[in-house]
Amino acid sequence: MSIRLSGTPASPGVSIGPAFLLNVEELRVKKKTLRTAEEVEIELERFTNAITKTRGELELISDRLSDIIEGKQLMEVHILLLNDPSMIADVQNRIENEHVCAEYAVSTVLNNVLERFRAMKDPYLRNRAADIRDVGRRVLANLLGTEEEVLSSLNSPVILVSKDLDPSQTAGLSRRQLLGIATDLGGSTSHTAILARSMGIPAVVALKDVAESAVPGQCVIIDGIHGNVILDPDDDELRYYSELKKRYNAAEAEIALNADTPAATADGKSIELSANIEFSQEADQVNRFGGYGIGLFRTEFIRLLSPEVEDNEEMHYRAYRHVVETMNPEPVIIRTLDLGGDKFLDSIPTVEKNPFLGWRGIRICLDRPEKFKKQLSALLRAARHGNAKIMLPMITGYDQVVQVRGMLDNIAAQLDRDGIPRGDIPPLGIMIETPAAVLGIDLLLPHTDFVSIGSNDLTQYTLAVDRGSPYVSNLFDSLHPAVVRQIEIVARKCREVGQWVGICGQMASNPLAIPLLLGFGLNELSVPLTLIPDVKEMISVIRMSEVESLAESTLKMKSSEEIRKCVLDYVKSRYPEILLDEIDRENNDRGN
Ligand code: PEP
Ligand code: MG
């Protein structure tokens with residue numbers, strides 16, 4: 001009988017294939033005592049060879065990842081860790097003086113180092129433990145020979161099932177070997193999820209016990225669209241998912257055909273439909289999906305993959321240059337680091353009871369100007385390669401914008417003094433994601449060049465509903481009158497002063513929200529890459545003359561139910577059959 005598991009969709013697509021179980025063993029190996037000087041020599045040599053082999057592997061992966069800037073940077077960090085002279089000396093000492101075999105010496109040293117790192121107070125350093133474990137496992141694999149070797153020599157592709165995957169394990173796997181990924185742990189912002197998305201491999205994470213339940217070689221279905229995994233599927237399930245896979249792939253192919261059609265309503269109003277990206281390399285796909293520019297580049301993902309980026313202007317620069325150059329002349333809105341809140345909690349060196357109300361976004365940037373300057377300087381330098389705009393997250397007052405403008409002026413002057421080429425200071429915009437920004441919008445607009453509504457946070461802060469809590473997810477509702485009214489206020493105030501306004505939260509791709517967002521007159525919808533074609537289709541059946549009055553009518557409504565019903569009636573009369581599935585889905589999960 002088949003087993004059906006549900007987890008978090010991490011990378012879209014459907015795949016069907018045999019399970020390959022990759023067990024993540026603890027770094028413990030058998031102790032073998034050496035008796036002769038000759039045996040010591042042999043073990044020292046085995047260790048040196050393992051280091052050389054590991055270095056070669058990492059360099060190879062780094063080369064293979066030359067088009068994935070963040071992944072390449074991660075490999076460079078791993079090479080640095082591998083070359084750490086004190087760790088190497090410690091292992092050699094143990095072989096020579098304690099007369100233990102190379103793998104035992106390596107595992108003892110690694111376990112000691114890992115313990116020290118895990119106990120560190122500074123979360124940045126604590127996070128390095130994962131990288132050290134990753135490098136250590138590679139060295140051990142080269143001494144012992146493990147499943148990873150078997151995996152890399154497989155000649156037919158598999159579905160990888162594991163408790164968890166380290167970033168370099170994921171990055172090191174080739175697309176040809178891998179049909180899909182299913183893991184017990186991880187979230188949609190975990191390293192593995194990010195890499196799987198960028199590699200285009202369907203993945204589901206947070207399955208809790210897939211590694212326990214799967215049997216090597218058994219058939220597995222990965223549904224990375226809805227977050228389902230089926231072990232040992234029956235004939236009906238196989239038929240259903242083969243069909244879904246075909247439809248998904250056909251839709252992808254269709255995308256390529258329609259990509260050149262610009263987004264416009266049925267009565268001819270052009271709408272900027274752009275992409276949200278988390279990873280610089282995704283820029284390469286925006287035009288293929290039919291998007292116009294990038295409405296949100298969540299740069300904190302670079303920081304997620306490479307913590308050292310904050311002190312390394314060059315790493316920032318390479319990523320931004322790649323994105324703006326790729327999209328040129330289309331616009332790219334690069335959001336400065338939005339760390340904190342639910343994102344990368346462990347990277348924030350503080351124990352906050354309410355992280356969403358705490359040290360987050362612009363607050364962290366302004367409190368650490370030296371690090372922030374590196375990002376701004378890189379942005380100014382990258383700006384000469386295309387059409388870059390800078391956007392600040394979590395803004396609550398105009399003084400924050402003024403402060404960043406001052407920093408940009410100073411950094412520009414310094415770059416000029418140093419003879420470093422740069423672009424013009426890019427337009428500076430803010431995210432509208434707090435009620436403070438909405439109610440104080442007239443105080444903010446004189447200082448901004450554009451704004452973009454972050455409906456995920458605006459909903460959370462307006463309704464006092466933690467966007468990540470499963471206990472209150474039924475209350476998270478972007479169609480609540482209090483949220484809808486705020487969107488109208490922002491759109492109207494921007495129109496009054498002629499300022500461009502977009503939206504980049506999840507609401508922008510919600511089929512029931514799109515008529516309202518267009519009706520209120522937003523200039524842009526920025527949505528996840530893969531949703532661009534669907535959203536374009538929804539836009540194409542809407543008439544501005546109808547949605548303007550529809551949107552206005554919702555301002556008098558008392559509840560989200562009323563608003564939802566009103567839009568649903570309109571949408572049902574307008575959207576083609578195929579999109580009704582989407583609407584049902586929205587009704588189920590309320591688009592959060
Ligand atoms: C938002 O809050 O709507 C938004 C787009 O930003 P993020 O989801 O990254 O917080
Ligand atoms: Mg936000």
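In each ligand, atom 1 is the first atom listed, and ligand 1 is the first ligand listed.
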Any side-chain to backbone donor/acceptor pair from [X] onto [Y]? Under 3.5 Å, distance only.
X: E278; Y: T299; answer: no
X: N312; Y: H316; answer: no
X: D424; Y: P426; answer: no

### Query
For atom 1 (C) of ligand 1, which candidate among G295, S478, G454 provides the closest heavy atom?
G454

### Task
Measure from atom 10 (O) of ligand 1 to every heavy atom in M507, M431, R467 and give the option owning the shortest one.
R467

#### Entry: F297 versus F279, closest heavy-atom pair with distance
CE1-N, 3.9 Å

### Query
Looking only at heavy atoms, what is the nearest atom pair of F372 and L392, with distance?
CZ-CD2, 4.4 Å

### Task
Look at the N, O or S atoms of E433, main chain and side chain alike, and state whether any lies under 2.8 Å from the Mg ion (ligand 2).
yes

#### Entry: Polar contact flag, side-chain donor to acceptor under 3.5 angstrom, Q506-S455
no

### Task
Taking atom CD of E325 as the centre, report whether more than 12 heavy atoms of other residues, nucleotides or ligands fall under 6.0 Å from it.
yes

Could you tell me whether [X] approaches ligand 1 through its side chain, its backbone, both or neither, with non-hydrogen atoms closer than 4.0 Å?
X: Q460; result: neither
X: R360; result: side chain
X: L296; result: side chain

### Task
Considering just N/O/S atoms, say which atom of D457 is closest to the Mg ion (ligand 2).
OD2

### Query
Of all the atoms in ligand 1, which lie at a distance below 4.0 Å from a heavy atom belonging to C504?
5 (C)

### Message
Are any of the N/O atoms on E300, whether in the backbone or the side chain, positioned under 3.5 angstrom from an N/O atom of ligand 1?
### Response
no

